[in-house]
Structures are given as structure tokens and as C-alpha cells.
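Notes for the one structure printed next.
Residue numbering restarts at 1 for every chain, and letters A, B, ... go by the order of the sequence lines. Worth knowing before you read on, the calculation uses all heavy atoms, side chains too, and leaves out hydrogens, waters and symmetry mates.
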Amino acid sequence: MKHYSKKVTVKSEQPRDYFAITQQVSFVVAESEIKNGIVLCYSGSNTSSIFIHIEDKNLLQDIDQCLHKFAPEKPYSQYAFNVNRNDAAAHIKSVFLGRQVSVSVNEGVLELDEDDHIIFADFDGGREKTILVKIIGV
Amino acid sequence: MKHYSKKVTVKSEQPRDYFAITQQVSFVVAESEIKNGIVLCYSGSNTSSIFIHIEDKNLLQDIDQCLHKFAPEKPYSQYAFNVNRNDAAAHIKSVFLGRQVSVSVNEGVLELDEDDHIIFADFDGGREKTILVKIIGV
Amino acid sequence: MKHYSKKVTVKSEQPRDYFAITQQVSFVVAESEIKNGIVLCYSGSNTSSIFIHIEDKNLLQDIDQCLHKFAPEKPYSQYAFNVNRNDAAAHIKSVFLGRQVSVSVNEGVLELDEDDHIIFADFDGGREKTILVKIIGV
């Protein structure tokens, strides 16, 4: 069994931003020279999430609206955590969508449905964030 | 280390349907001849989810009601994604419950609590859907 | 490839309780003598969840409030599952936050961001619950 860990840096542009990181993950898989196994993608930022879905701007906006209704940013005072920074809602969103996904690697290729992507969601955007890509296999 | 990938087809009966796929996954684990490792189950359909829970009709109905309140289907116009097909709510639900779970395989058996099942949730049902079962181990 | 499975028992104090289990998981990883691989943590209780986040009392209270608004306990009659025990809301919360996470193991250490913990959330607390820790690697 072989194993490979690599940290990948991404930067979101918007306060709340969603984009695919499938290509970056594929590069790490290629680098690892592991042909068959599982790749784990974990976001090291606790105001972000990683999930699998299609990368459609309209749909990602709909997801964001739904999530924002569930955990609205304002009024800041509704959250006990909002003392120094007003980022409680970003943390809560991160918990609800989750921080990590696992994807099968088959003959060196990520085994995702053709429309699917690994999506990074940043709920406290405009800064660099680190994603850990870990592959185990043969 | 050994590895094994297999696609399993399921078909839901209702527009929104929830049922256990534990037995199908167990069959693939047996076929793989892998005794100890991890099995990853990923739904290739982006209007469905996979999660671990008990398979109780009343509870699955309660989960569905809660989720439906959170991301209601109608009015269709509330979602930017609803242009050709009105399935935005099904996609959003899929993101919230997630597309994949990992389960331990111990001496050839799925290591789940005795009441637990791997549940497939279809939010755009009545069609065939594909689940990828990937096992790595020894 | 090596593999190691161990059940860890935890006990929550409050009816709804959230606390880190990172140390218990780290002990199992050390015991396994596996240096590089993936550890899967799965809660055997279907009224609980496992997720990755910071262990901040205020934030965990905010998460709980949000989740409780989404799936309130009362009125009990709103849930079809509430026949014998009134724990439908606890089950629904468990599904929404999920039952399991995977974490990279690198040189014997859990590869988490320095602020992150593996958090166990009990929605039907005051009892002992079992967590399965499974490690595969070399």
C-alpha cells in the first residue's frame, strides 16, 4: 500500500464563494502515482465545506440561499460565538455541509459521475484556505 | 492491498423515496473477497443521497418532511436553477444529506450497529440510479 | 496494509451534548501502530453525530440552536416516529450532521487543522454510546 499527502491552497473571491477543486485534486492523484484506492479531501478551514455536486452557478446560488436562510449572518447578536469576529454563521454552515469527502480512484482517475465535481464552499471568503488531499492505494 | 469497484443499479418507486441498500453493498463486499478494510458508497446521481440510519418508514417520512420544509419544491420560481427541469430542490436536498458514506469491513462483514442500514434517498425518483461501491483492504 | 478496529465508549452528561473525542481516537491510532493511512470514526448510536470542527462551547451552543430550530423536539406529535419514545428529533438531527468522518493519519498523527477536533454530538444524551474507530494503512 502506498500513501500520499499534499496540501493545496485555494483562494475565494467572494465573501461566500463556491467552486470546483476537482482539477487540483486530480493533479495530486497523478503526482502520487497511486492508481487504485481512495482519495480523502479535507478542508483545513472551519468556515468552509467540501461536497460533491455539479458546478452550476445558479444551483450553487440556490444552495447558498437555502443555507443562508437556515443560518443567517445577521443579526450578529443571535449567536453566542459572535464576540470578536462575526463569523458564527460561517462556522455553522461549515458544520452543516461538512468538511470532507472521499472519492474512489480507479486506474488513476477520480471515479465521479461525469457531471459531478468536488466543490469547495467558502463561507468566509477572500482569503487563502488550505485543503489536505490524502491518497491511499496501490 | 486489494481494491474492488462495482456499480450497483437501484430503482426508486416514489417521487421521493428512501430505502436500504445494505444488502446490495454486502454482496459486493463478499464478491470482492476483501475481508478487512473500508467500503465507500457513492451515489452517482446528484438528486440523491446516501446516509447511515435505521430503515423505519415513519422516521424516513419525518426526515423527508423536515428536509422538504428546508428546501421546498414549490414555488419553482424561488430557485435560479429551475429553467428546464424543476428539480432544484432535489439537488439542494442531495447536497444537505450528502452523497457518500464509508463503512468499516471487518472479517468480511459491514461493521454497522445492528439497527443501522446504508440508506439511499432519491429526491427525483422513479428512475434507475447508479451507486458506486469501492472497497480497499486485505 | 494493516488494519485495526476498536470500539470506544463515551458518555454524555446533558440531554444534548457536544464534546471532542480527538484524544480517544488518537490513542487508538497509537495502539494500532499504523503510521500512515486513514482513520474512520463512526458513531454506533443513531441519535448522535460525528463531525470535524472547533470545540468552542459558545459555537457548539449556536450549532445546537440552529439544528433545534430545524428539527424541534416539540410538539412530539409532529413526527410519525414518536410512538414509544419521543426521540424522532434526535434521529433527524443525527441524519443531518452525519454519523461518520474520515481523517488522514500522517506519521502516526491525525492530520487536522490545529484548531480542529473530532466532535461527538449526542442528541439523546446521558447514556453510554459506542464509537467505532477503524484504521487502515501501513
Using every non-hydrogen atom in the two residues, find where C:Asp62 and A:Ala80 come nearest and quote the distance to one decimal. OD1-N, 2.7 Å
Which heavy atom of C:Met1 sits nearest a heavy atom of A:Met1, and at what distance? CG-SD, 3.6 Å
Please list, in residue-number order, every residue in [range] that has a heavy atom less than 4.5 Å from any heavy atom of chain A; write 'none' if there are none.
range: residues 2-24 of chain C; answer: none
range: residues 130-138 of chain C; answer: C:Ile136, C:Gly137, C:Val138
range: residues 29-59 of chain C; answer: C:Asn36, C:Gly37, C:Ile38, C:Phe51, C:Ile52, C:His53, C:Ile54, C:Asp56, C:Asn58, C:Leu59
range: residues 102-113 of chain C; answer: C:Ser102, C:Val103, C:Ser104, C:Val105, C:Asn106, C:Glu111, C:Leu112, C:Asp113

Pick from C:Leu67, C:Leu97, C:Asp116, C:Leu60: which one has the most heavy-atom pairs with chain A under 4.5 Å? C:Asp116
For the SG atom of C:Cys66 and the CD atom of A:Gln78, what is their distance to the nearest 0.5 Å? 7.0 Å
Approximate separation, where rounding is to 0.5 Å, of C:Lys69 NZ and A:Phe70 CZ: 8.5 Å
